[in-house]
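Below is one structure. I have some questions about it.
Throughout, residue positions are numbered sequentially from 1 according to the sequence presented.
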Amino acid sequence: MTSQKVLIVLTSHDTLGDTGKETGFYLPEVTHPLDAFTKAGLTVDFVSPKGGKAPIVGIDLEDPLNKAFLDDAKQVFRVENTLNPAQIDPAEYGAIFYAGGHGTMWDFANNQELAGIAAAIYEAGGIVGAVCHGPAALVNLKLSDGKYLVANKTVAAFTNEEEAAVGLTDIVPFLLEAKLIERGANFTKVANFQVCVVASERLVTGQNPASAAGVGERMVELIQNSAV
């Protein structure tokens, strides 16, 4: 039976390259999947590469889930005091979810501790999920057989076209779509900023912020099915 705990991974990185602009995790990419997890009765923990405070962007208080999250002192405390990878026992979790935000492009791809946690969860029968730039965590994530997790799986993530549309093609350290294809993923996408959610075995990915709720919902379905 898969554990009813989900580990949400947030970026620790707060600087958008050399632009002088702030970045971090994109709040709706946490609040919308979190809503799906909590409605399903799942327990959630937050972790980040460095632990401690995770920087937030994308704060839209017209979004009721964002507002409710920021009005909840307990939730705010949790993202300002995230666990660090050394505190995580992968055996406690049935799923891991990588939230997006451009910060992830600097600190997810090469974090071997988080990659090891995700691989352990997946190989124990758990689910790996990611949305928007969260799949940056997948580009170097290998399983115990030495193969990339995304190899031969259908994957969605922030596209080359979307990166161009937001004017950050030359700012991010790599293009996510291109790197996932390089790692053997079957990349799927729709028009810019439209919903695209795909489940490939026990890997669930979404293209952009609009896809965040759908990723959470699909992960819940897989967790519930595995618990039967």
Side-chain angles (χ1 to χ4, degrees), residues 2-11 23-48 53-83 88 92-104 108 114 117-118 121 126-138 155-158 162 190 193-200 202-228:
T2 301
S3 166
Q4 299 295 291
K5 289 183 71 175
V6 179
L7 185 64
I8 294 181
V9 189
L10 308 176
T11 181
T23 190
F25 75 86
Y26 198 72
L27 184 59
E29 294 172 22
V30 171
T31 59
H32 288 255
L34 179 64
D35 185 58
F37 300 150
T38 54
K39 282 180 176 175
L42 303 174
T43 301
V44 173
D45 287 334
F46 292 96
V47 66
S48 65
K53 186 173 183 177
I56 306 175
V57 293
I59 296 174
D60 174 11
L61 296 181
E62 297 299 311
D63 180 327
L65 292 179
N66 283 358
K67 187 174 188 307
F69 184 92
L70 294 175
D71 286 345
D72 186 335
K74 181 180 178 183
Q75 295 288 29
V76 172
F77 179 85
R78 277 154 39 95
V79 299
E80 291 186 345
N81 296 271
T82 63
L83 300 170
I88 300 299
E92 291 184 9
Y93 299 91
I96 184 169
F97 169 72
Y98 290 94
H102 274 92
T104 65
F108 273 11
L114 288 170
I117 290 166
I121 290 170
I127 292 96
V128 174
V131 71
C132 198
H133 288 92
L138 306 177
V155 174
F158 206 66
E162 286 171 327
V190 296
F193 312 114
Q194 301 303 303
V195 176
C196 179
V197 176
V198 61
S200 189
R202 286 174 286 106
L203 175 64
V204 184
T205 49
Q207 181 171 320
N208 46 39
S211 309
V215 171
E217 291 160 3
R218 191 73 183 93
M219 289 179 68
V220 166
E221 290 176 15
L222 291 175
I223 293 167
Q224 291 175 336
N225 288 342
S226 68
V228 173

Inset, instruction - Please name all residues satisfying side chain to side chain contact (heavy atoms under 4.5 Å, CB included) with Val57, sequence neighbours left out, ordered by chain then number. - result: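 Side chain to side chain contact (heavy atoms under 4.5 Å, CB included) list for Val57, sorted by chain: Tyr26.
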Legend entry - Geometric class of the His133/His102 ring pair [parallel <30°, tilted 30-60°, perpendicular >60°]: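 Answer is tilted, since the angle falls between 30° and 60°.
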Inset, instruction - Indicate yes or no: at least one non-hydrogen side-chain atom of Ile223 is less than 4.5 angstrom from one of Gln4. - result: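 They are in contact (side-chain heavy atoms under 4.5 Å apart), so the answer is yes.
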Legend entry - Side-chain heavy-atom pair Cys196, Asn208 within 4.5 angstrom cut-off: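 Heavy-atom side-chain distance check fails, nothing below 4.5 Å.
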Legend entry - Phe108: partners by ring pair (Phe, Tyr, Trp, His ring centres under 6.0 Å), with sequence neighbours left out: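 Result, ring pair (Phe, Tyr, Trp, His ring centres under 6.0 Å) vs Phe108: Tyr98.
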Legend entry - Between CG on residue Leu27 and CD1 on residue Ile59, distance to nearest 0.5 Å: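 Taking CG in Leu27 and CD1 in Ile59, the distance rounds to 6.0 Å.
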Check residues 213-222 and write down every donor-acceptor pair under 3.5 Å in which the side-chain atom is one partner and the other belongs to a residue at least two apart or another chain.
{"unit_1": "Arg218", "atom_1": "NH1", "unit_2": "Glu221", "atom_2": "OE1", "d": "2.9"}

Inset, instruction - Examine distances only and state if a side-chain atom of Glu162 and a backbone atom of Phe193 form a donor-acceptor pair shorter than 3.5 Å. - result: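 A pair under 3.5 Å: yes.
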Inset, instruction - Identify the two heavy atoms, one from Thr205 and one from Ala156, that lie closest to each other, and give their separation to 0.1 Å. - result: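 Heavy atoms of Thr205 and Ala156 come nearest at OG1-N, 2.9 Å.
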Legend entry - Leu138 and Val128, any side-chain heavy atoms less than 4.5 Å apart: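 Val128 vs Leu138: side chains touch.
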Legend entry - salt bridge (charged side-chain N to carboxylate O under 4.0 Å, His left out) partners of residues 68-81, not counting sequence neighbours, each pair once: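 Matches after skipping sequence neighbours: Lys67-Asp71.
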Legend entry - Smallest separation among heavy atoms of Phe46 and Gln75, with atom names: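 Scanning both residues, the minimum pair turns out to be CE1-OE1, 4.0 Å.
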Legend entry - Interatomic distance, His32 atom NE2 to Phe69 atom CZ [nearest 0.5 angstrom]: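 With rounding to 0.5 Å, NE2 (His32) is 11.5 Å from CZ (Phe69).
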Legend entry - Pairs satisfying salt bridge (charged side-chain N to carboxylate O under 4.0 Å, His left out), at least one member in residues 92-101, at least two apart: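 Qualifying pairs, neighbours excluded: Lys5-Glu92.
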Inset, instruction - Answer yes or no: is there a donor N or O on one side and an acceptor on the other, between the side chain of Thr104 and the main chain of Gly100, under 3.5 Å? - result: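 Judged by distance alone, no pair lies under 3.5 Å.
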Inset, instruction - With sequence neighbours left out, write down each residue that passes side chain to side chain contact (heavy atoms under 4.5 Å, CB included) with Ala54, or none if nothing qualifies. - result: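 Ala54 satisfies side chain to side chain contact (heavy atoms under 4.5 Å, CB included) with Leu10, Phe25, Thr82 only.
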Legend entry - Spatial distance of atom CG (Asp45) from atom OH (Tyr93) [nearest 0.5 Å]: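 Between atom CG of Asp45 and atom OH of Tyr93 there are 3.5 Å.
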